[in-house]
Each structure stands twice: as structure tokens, then as C-alpha cells.
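First the proteins, then the strands, lettered A, B, ... as listed; each starts at 1.
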There are 2 protein chains.
Amino acid sequence: MTVDVVIFTIEGGDLKVLLIERANKPFFGDHALPGGFLLQGETTHAAALRILKEKAGVKDVYIEQLYTFDDKGRDPRGPVLSVTYFALVPPSDIVLKKEKDLQAPALYPLRRLPKLAFDHAGIIAYAVRRLRAKLGYTNAAFSLLPKFFSLFQLQKTYEAIMGTKLDKRNFQKKFLSLRLIALTDKMEEGMRQRPARLYRFISQKPSELKKFF
Amino acid sequence: MTVDVVIFTIEGGDLKVLLIERANKPFFGDHALPGGFLLQGETTHAAALRILKEKAGVKDVYIEQLYTFDDKGRDPRGPVLSVTYFALVPPSDIVLKKEKDLQAPALYPLRRLPKLAFDHAGIIAYAVRRLRAKLGYTNAAFSLLPKFFSLFQLQKTYEAIMGTKLDKRNFQKKFLSLRLIALTDKMEEGMRQRPARLYRFISQKPSELKKFF
DNA sequence: CCAAAAGTGTTGACTGTACACCCATGT
DNA sequence: ACATGGGTGTACAGTCAACACTTTTGG
């Protein structure tokens with residue numbers, strides 16, 4: 001029985017997943033989701049938090065159970081049940097281990113994933129579907145953005161996840177009408193264009209809404 | 001490691017769940033979801049199908065994995081992980097074992113559930129939430145209705161699950177526009193009012209839609 | 001001055017909702 | 001005759017989608 005975690009972040013306008021490179025057989029050298037066996041007396045949720053800390057160096061992020069996989073043949077070594085979670089991490093918070101060896105975690109854009117071990121390609125595809133749906137009726141995006149952000153950043157986050165372009169005025173109108181975010185008196189800095197006003201999420205806790213996308 | 005199944009059906013205009021009465025400690029005499037340990041080499045999905053057959057006498061119904069529960073303290077005997085499924089069964093297909101002893105399965109309306117063992121009250125509440133959401137963007141209702149049904153029956157099914165009254169004309173307009181169901185040349189029989197025209201689902205396979213409730 | 005994103009409203013199409021009456025049948 | 005659901009359309013309100021130009025800043 002194992003726990004695997006799909007860790008998402010946004011970087012360079014792309015939705016990315018954290019993967020490690022396997023240092024053992026089977027699938028030696030292929031890429032895989034971070035995960036592993038449960039420690040003695042540990043719940044699967046606690047194990048997912050531990051993996052997040054170990055591989056991405058973060059805590060207090062959005063995390064949710066995804067699905068439990070136990071199809072025959074998913075692990076050549078025999079029947080293995082895997083409880084999977086997915087997490088959303090702001091890019092600025094990720095701390096990747098620097099060691100240049102196998103098992104070193106790195107971020108890969110969804111559009112160009114390397115060869116994946118086990119059924120992990122399927123797990124990631126399923127996680128993306130769930131993430132897209134989730135974004136349409138929750139405030140989960142707060143966990144992919146820094147504390148203060150511009151409407152443009154927010155829109156780019158939605159575009160990266162949904163894989164579509166959105167209309168600027170319509171997006172802003174709709175999102176502001178949800179009353180999930182509030183204007184702050186901060187301004188963007190260091191950009192080479194007109195500085196944007198920064199917003200914050202009113203609540204940093206997950207909440208459900210009536211569907212808005 | 002166990003598998004538990006939330007088996008839903010509609011009976012007398014009410015959404016009901018199949019429960020057994022426990023014949024062993026702990027929670028002796030309380031009601032519980034049908035479930036049990038995995039057989040040697042069995043997947044959780046296969047176990048859920050087996051339980052459906054054993055307790056409700058049905059196969060080929062809508063079934064889907066719900067969630068995996070492993071909170072500390074959910075079973076007083078120690079850490080137990082339970083992979084749960086939910087199933088939708090047409091009332092006409094259910095065959096309950098008739099034996100009048102403990103473990104005998106019976107249907108209970110959601111509004112008046114008996115005292116439940118373990119965390120099963122929470123599991124059922126979660127299953128209902130998922131079922132309501134599911135009904136809003138899939139054709140899952142096909143698995144709660146007989147092959148031929150009237151629009152009124154369909155509407156009552158939605159009302160029982162959603163727990164709300166719906167407007168007849170608007171419901172029919174919306175549902176027909178989805179092109180999920182087709183008119184047949186059959187008519188209702190044996191009712192004491194004007195016979196209704198019967199419809200059928202065009203596809204008996206689960207499919208997703210763009211959200212309609 | 002140029003590049004890049006900021007900021008800002010209106011219109012037309014579509015969708016959802018509210019609502020009431022006569023009809024066909026079995027008892 | 002009466003009770004029960006069968007069957008049918010319209011009008012108003014709200015939401016969604018398309019669309020373009022001026023402003024501010026850094027380089």
C-alpha cells in the first residue's frame with residue numbers, strides 16, 4: 001500500500017508537475033510521481049503531507065485526495081494499492097532538493113512529460129481533469145498564487161490550467177462579481193510596463209461556490 | 001483494508017440506502033453499510049461488485065469509487081482503511097435476502113436513518129453530496145430508472161435526490177433539449193390517470209455533459 | 001518613442017424562471 | 001363526477017460572449 005502525490009504549480013505560464021527519477025527497478029531511470037509506503041501508524045493524508053514537505057519543501061498548501069488505484073498489473077511486482085492526492089503549490093514556495101542525482105525532484109510542463117513509470121501518466125491525466133473541474137467551482141486558485149497578485153496573473157493561472165485563452169474584460173467582470181478577492185493598496189513592482197493593482201484572496205481556506213466556469 | 005458500498009435506490013419517492021444490521025462487535029446491532037475485507041487477489045472494484053451481488057442481488061449497475069477513508073479512530077479495533085464505492089440501482093432490480101436475521105439488508109430513507117456504526121453516517125452524507133453533483137453533469141439517472149419511464153418519473157427521481165421541487169414545464173424543456181432520452185411508442189399502463197408516454201435513455205453508458213443543473 | 005500590459009462599457013444572444021389551463025383516463 | 005397527473009407556451013430577467021481604444025510605465 002502506497003501513497004503518491006501529484007504536485008502542481010504554475011511556472012512560466014505553464015502548468016507543471018513535480019516528478020522524480022526512479023533510482024530502483026522496476027522502471028529504473030523513468031520518471032514517477034513522488035510517493036512511497038506508509039510509515040507505521042501513519043494515515044494516508046499525513047503521508048501525503050510528509051511527501052510534500054520532503055520533495056517540494058512546502059506545507060499549508062491546498063491538498064485533496066484524488067483517487068485510489070489498484071488495477072491489476074499496475075505494478076509488475078504484484079498487487080499494489082495506491083491512494084493518490086493532489087496538491088497546488090505557489091511557485092515561489094517550492095524548494096527543490098538541489099542534489100544532482102536520481103530521485104532529484106524537478107518540475108515538468110504537462111505538455112511535454114517524460115516517460116512515466118507505472119500508471120502514473122494516467123494518474124496525472126486524471127488529476128488534471130479534477131483540477132480543471134475544481135477550479136470552476138472553488139477558490140482553489142488561491143493556492144497557486146502568491147499572497148498578492150494582479151488580475152492578469154490570476155487570468156494567466158486560469159488559462160494555464162484550462163488550456164484556453166480568456167477574454168480580459170469578461171474574466172475580470174466575472175471574477176470580481178464572485179467577491180472572492182479584494183483590492184489592496186499594493187502595486188506591482190519591477191515590471192517594465194504600467195504597474196498593476198494587486199489583489200488578495202479574502203479567504204485562504206478552501207470554499208465551494210455555485211460554479212462559475 | 002476493507003471495501004464498503006453505498007447502494008442508492010429510489011422507492012416511494014424517497015432516496016434510500018441499503019444497510020445491514022451488524023451481527024458482531026463492535027457496534028453490535030447498529031446499522032452499517034454492506035462491506036467487508038478483500039478476498040485474496042481481488043481488486044477493490046471487484047469486491048464492490050461482489051458485495052452488490054451478494055446484498056442487493058444486482059449487477060450491471062452504475063458504480064463508482066467514492067473516497068478512501070482512513071482517519072485515525074474510525075474503527076475502535078485499530079487502523080482500518082476503507083475504500084468506498086457508491087452504486088445506483090433501479091428499485092425493480094433489487095433482490096433483498098429474505099432471512100429475518102441480523103445482516104439482513106434493508107432499505108432506509110435518507111431522511112430517517114437508524115443509528116450507524118463506525119463513520120458510516122459521514123460516508124453516506126458524502127456519497128449524497130457526490131450523487132447530487134453527479135446528477136448535474138452526467139446521465140447517471142439512467143441507472144435509477146427502469147428501461148422505460150415517463151417524464152414525471154424522471155422528474156420525481158431528480159426531486160428525490162436533490163431534495164427540491166422542480167417546475168414541470170421547465171424540467172421537461174431542459175431535459176429534452178439535452179437529447180439524452182428519446183420518446184418510445186410505449187405508454188404507461190395500470191395507472192389510474194391519463195397514461196403517460198414513455199421515454200428511454202439513448203445511451204445506457206455513463207457519459208458526461210456540460211452541466212445542466 | 002516603443003513595447004507591454006493596465007484599465008474600462010455596451011450590445012445582442014442566449015438561458016433560466018415564473019406561471020395556468022384544459023385533457024385523458026380509471027375509479 | 002372526480003381525482004390524478006399529462007400535456008403544452010410565453011414573457012421577463014439575468015447571464016454570457018464579443019468586441020477596441022486610451023493610459024501608464026520602463027527601457
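- For the atom pair CD1 (Ile123(B)) and OH (Tyr67(B)), the distance works out to 11.0 Å, reported to the nearest 0.5 Å.
- Note on Glu188(A): nothing from the nucleic acid sits closer than 4.0 angstrom, heavy atoms only.
- Within the structure, a side-chain polar atom (N or O) of Arg197(A) is placed less than 4.0 Å from OP1 or OP2 of dT8(C).
- Note: Phe118(A) and Phe27(A) meet the aromatic proximity criterion, with ring centroids under 6.0 Å apart.
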Dump the pairs, protein N or O against N or O of nucleotides 13-18 of chain D, anything under 3.5 Å, distances to one decimal.
{"residue": "dA18(D)", "atom": "N7", "partner": "Asn170(A)", "partner atom": "ND2", "Å": "2.9"}
{"residue": "dA18(D)", "atom": "N6", "partner": "Asn170(A)", "partner atom": "OD1", "Å": "3.2"}

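- Aromatic ring pairs are classed by plane angle as parallel below 30°, tilted from 30° to 60° and perpendicular above 60°; the pair Phe86(A) and Tyr62(A) is tilted.
- Rounded to whole Å, the distance from NZ on Lys210(B) to P on dT15(C) is 13 Å.
- Listed by first and then second residue, the side-chain hydrogen bond (donor to acceptor under 3.5 Å, both in side chains) pairs that reach into residues 150-165 of chain A are Gln155(A)-Glu159(A), Lys156(A)-Glu159(A), sequence neighbours excluded.
- The base of dG7(C) is paired with the side chain of Lys168(A) by a donor and an acceptor separated by under 3.5 Å.
- What separates NZ of Lys156(A) from P of dA4(C) is a distance of 13 Å, to the nearest Å.
- If you take OH on Tyr108(A) and NE2 on His31(A), they are separated by 4.0 Å, rounding to the nearest 0.5 Å.
- Spacing between atom CZ of Phe175(B) and atom P of dG16(C) amounts to 14 Å, rounded to whole angstrom units.
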What's touching nucleotides 25-27 of chain C from the protein side, N or O pairs under 3.5 Å?
{"residue": "dG26(C)", "atom": "O4'", "partner": "Arg192(B)", "partner atom": "O", "Å": "3.2"}

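- Between the CD atom of Glu189(A) and the P atom of dT25(D) there is a distance of 13 Å, given to the nearest Å.
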For residues 178-189 of chain A, which side-chain N or O atoms pair as donor and acceptor with protein atoms under 3.5 Å away, sequence neighbours left out?
{"residue": "Thr184(A)", "atom": "OG1", "partner": "Lys186(A)", "partner atom": "N", "Å": "3.2"}
{"residue": "Thr184(A)", "atom": "OG1", "partner": "Leu198(A)", "partner atom": "O", "Å": "2.7"}
{"residue": "Glu188(A)", "atom": "OE1", "partner": "Ala196(A)", "partner atom": "N", "Å": "3.0"}

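- When the C1' atom of dG6(D) is taken as reference, atom CG of Leu151(B) falls 10 Å away, rounded to whole Å.
- For the residue pair Thr84(A)/Tyr126(A), the side-chain donor-acceptor check at 3.5 Å is not satisfied.
- Side chains of Thr43(B) and Asp70(A): a donor-acceptor N/O pair is absent below 3.5 angstrom, by distance only.
- How far CG of Leu15(B) is from OG1 of Thr9(B): 8.5 Å, rounded to the nearest 0.5 Å.
- A distance below 6.0 Å separates the ring centres of Phe201(A) and Phe149(A).
- Taking Ala121(B) as the reference, Leu116(B) meet the side-chain contact (heavy atoms from CB on, under 4.5 Å) condition, with sequence neighbours excluded.
- Put simply, CD on Gln153(B) is 12 Å from P on dG5(D), counting in whole angstrom units.
- Taking atom CG of residue Leu154(B) and atom P of nucleotide dG5(D), one finds them 16 Å apart after rounding to whole Å.
- Phe171(A) places its CZ atom 15 Å from the C1' atom of dG7(C), with the value rounded to the nearest Å.
- Using a 4.0 Å cutoff on non-hydrogen atoms, no part of residues 176-185 of chain B comes near DNA chain D.
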